[in-house]
Amino acid sequence: MSEINQHIGARIRMYRKEQGLTLQQLADCIHKSRASMSKYETGEITLDIETLYDISNALHVNLNQLTDYREAVQETRSPVYNRTLESPFFQAERLYFYFFDGRYNRLKDGIIDIYKHNDHPGNYEASLTISAVTPAGRSSKVYYTGKVMYSDMLIRFSFVNQCNMLEEDLLYIFNPLEIRDFTEGLLCGISSADLMPCAFKCLVTLTPQKMTEELKKQLLITKKELQRWQKLNMFIVDNRA
């Protein structure tokens with residue numbers, strides 16, 4: 001079983017789960033059996049290009065989003081810490097993400113799912129699904145995929161919008177110094193709406209939050225923060241409860 005097959009299979013499984021499809025439903029879309037679809041995802045079967053193309057169409061992703069395998073390269077960088085020995089934010093496989101978008105006067109929320117590579121211990125990938133809360137309900141969802149790095153105090157997510165590869169976003173969150181189920185962070189990158197650089201103060205939690213006015217107030221930038229940013233001439237979010 002090759003690493004390339006396993007990588008492609010893991011990609012297929014990730015996008016399938018993001019879209020809420022069962023193995024049988026995806027198999028039906030490409031006119032294959034459930035057993036074959038399962039072997040594609042585990043990497044037991046090498047996919048031919050025609051079947052791979054059919055799967056990418058069924059999942060509404062580009063072909064290169066399934067075949068973006070890169071051989072592991074040794075790098076000199078900070079160590080990736082063992083999450084099982086750290087805080088709940090290091091152990092979490094799902095996090096909940098919130099920010100307020102003043103351009104549209106809307107609270108936005110998302111779900112971050114974290115995936116561990118069994119064949120490469122210490123390597124983690126993640127997906128982010130963002131939706132907006134409106135009076136009429138939720139808008140269409142936006143999907144991002146990327147990687148996660150852990151250090152003793154920070155967790156860094158690097159995401160790419162799967163509908164617009166130009167939009168690459170970085171999300172930095174703190175590992176809280178005390179036990180609590182929320183932490184602040186900073187989301188920065190290129191906005192797909194107007195292709196402008198932007199940054200948002202955000203909240204990441206271990207449990208889902210109700211979309212209330214209180215949550216909105218917590219996400220709004222305060223006058224005190226503005227004064228501090230002007231003094232320092234930079235955007236900053238600290239790790240205070």
Side-chain angles (χ1 to χ4, degrees), residues 78 86-90 92 94-112 114 126-144 146-161 163-164 166-241:
S78 300
E86 304 293 347
S87 77
F89 282 89
F90 283 70
R94 169 165 284 190
L95 296 168
Y96 300 89
F97 169 77
Y98 304 90
F99 70 97
F100 181 76
D101 191 337
R103 296 169 301 180
Y104 308 106
N105 194 32
R106 291 178 185 171
L107 276 170
K108 291 188 176 180
D109 69 333
I111 293 176
I112 300 172
I114 299 166
S127 66
L128 168 63
T129 308
I130 294 181
S131 59
V133 177
T134 68
R138 296 182 182 276
S139 67
S140 58
K141 294 180 178 179
V142 182
Y143 294 100
Y144 299 78
K147 297 185 179 296
V148 193
M149 283 190 66
Y150 296 86
S151 70
D152 54 351
M153 292 185 63
L154 288 171
I155 305 174
R156 187 194 76 177
F157 298 86
S158 56
F159 290 115
V160 175
N161 186 330
C163 296
N164 180 359
L166 180 63
E167 186 191 347
E168 185 171 4
D169 298 322
L170 292 175
L171 170 62
Y172 290 91
I173 64 173
F174 288 102
N175 172 33
L177 299 177
E178 65 282 345
I179 296 188
R180 63 176 195 255
D181 74 344
F182 70 92
T183 187
E184 290 81 13
L186 186 68
L187 175 70
C188 52
I190 301 293
S191 165
S192 58
D194 47 24
L195 297 181
M196 296 286 286
C198 60
F200 294 96
K201 175 184 175 182
C202 59
L203 185 73
V204 176
T205 65
L206 297 170
T207 55
Q209 305 296 302
K210 292 183 178 179
M211 307 298 275
T212 62
E213 281 298 314
E214 188 61 34
L215 178 62
K216 177 181 173 180
K217 288 179 182 178
Q218 193 173 351
L219 293 167
L220 291 177
I221 294 168
T222 65
K223 289 183 179 180
K224 185 176 180 181
E225 286 172 327
L226 281 173
Q227 290 170 352
R228 186 182 181 196
W229 294 350
Q230 288 174 340
K231 182 178 179 181
L232 298 174
N233 198 37
M234 67 178 181
F235 295 103
I236 187 171
V237 176
D238 57 31
N239 192 23
R240 298 175 186 175

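All of these numbers come straight from a predicted model, not from anything done at the bench. Each residue takes its place number in the sequence, starting with 1.
- Taking all atoms of both residues into account, the shortest heavy-atom contact from F157 to A126 is CD2-CB, 4.1 Å.
- Panel note: side chain T212, backbone L215; a donor-acceptor pair is recorded below 3.5 Å.
- Atom CZ of residue F89 and atom CG of residue L95 lie 6.5 Å apart, to the nearest 0.5 angstrom.
- No donor-acceptor pair closer than 3.5 Å links the side chain of T183 to the backbone N or O of N175.
- Just one of Q218, E184, E225 meets the side-chain hydrogen bond (donor to acceptor under 3.5 Å, both in side chains) condition when paired with K201; it is E225.
- Considering OG of S127 and CD1 of I112, their distance stands at 9.0 Å, rounded to 0.5 Å.
- Across all non-hydrogen atoms, the minimal contact from L187 to C202 is N-SG, 4.1 Å.
- A distance of 8.0 Å separates CG in L220 from CG in L107, rounded to the nearest 0.5 Å.
- To the nearest 0.5 Å, atom CZ of residue F97 and atom NZ of residue K108 are 10.0 Å apart.
- Nearest heavy atoms, A199 versus L186: CB-CD1, 4.3 Å.
- From F100, atom CZ reaches atom CD1 of I221 across 10.5 Å, with rounding to the nearest 0.5 Å.
- A donor-acceptor pair under 3.5 Å links the side-chain atoms of Y98 to the main chain of Q209, judged by distance alone.
- Listed by first and then second residue, the ring pair (Phe, Tyr, Trp, His ring centres under 6.0 Å) pairs that reach into residues 195-215 are F99-F200, sequence neighbours excluded.
- Using a 4.5 Å heavy-atom threshold, the side chains of L206 and F182 count as separate.
- Here the side chains of I155 and V204 are not in contact, with every heavy-atom distance at 4.5 Å or above.
- Note that CG of L219 is 10.5 Å distant from CD of E214, once rounded to the nearest 0.5 Å.
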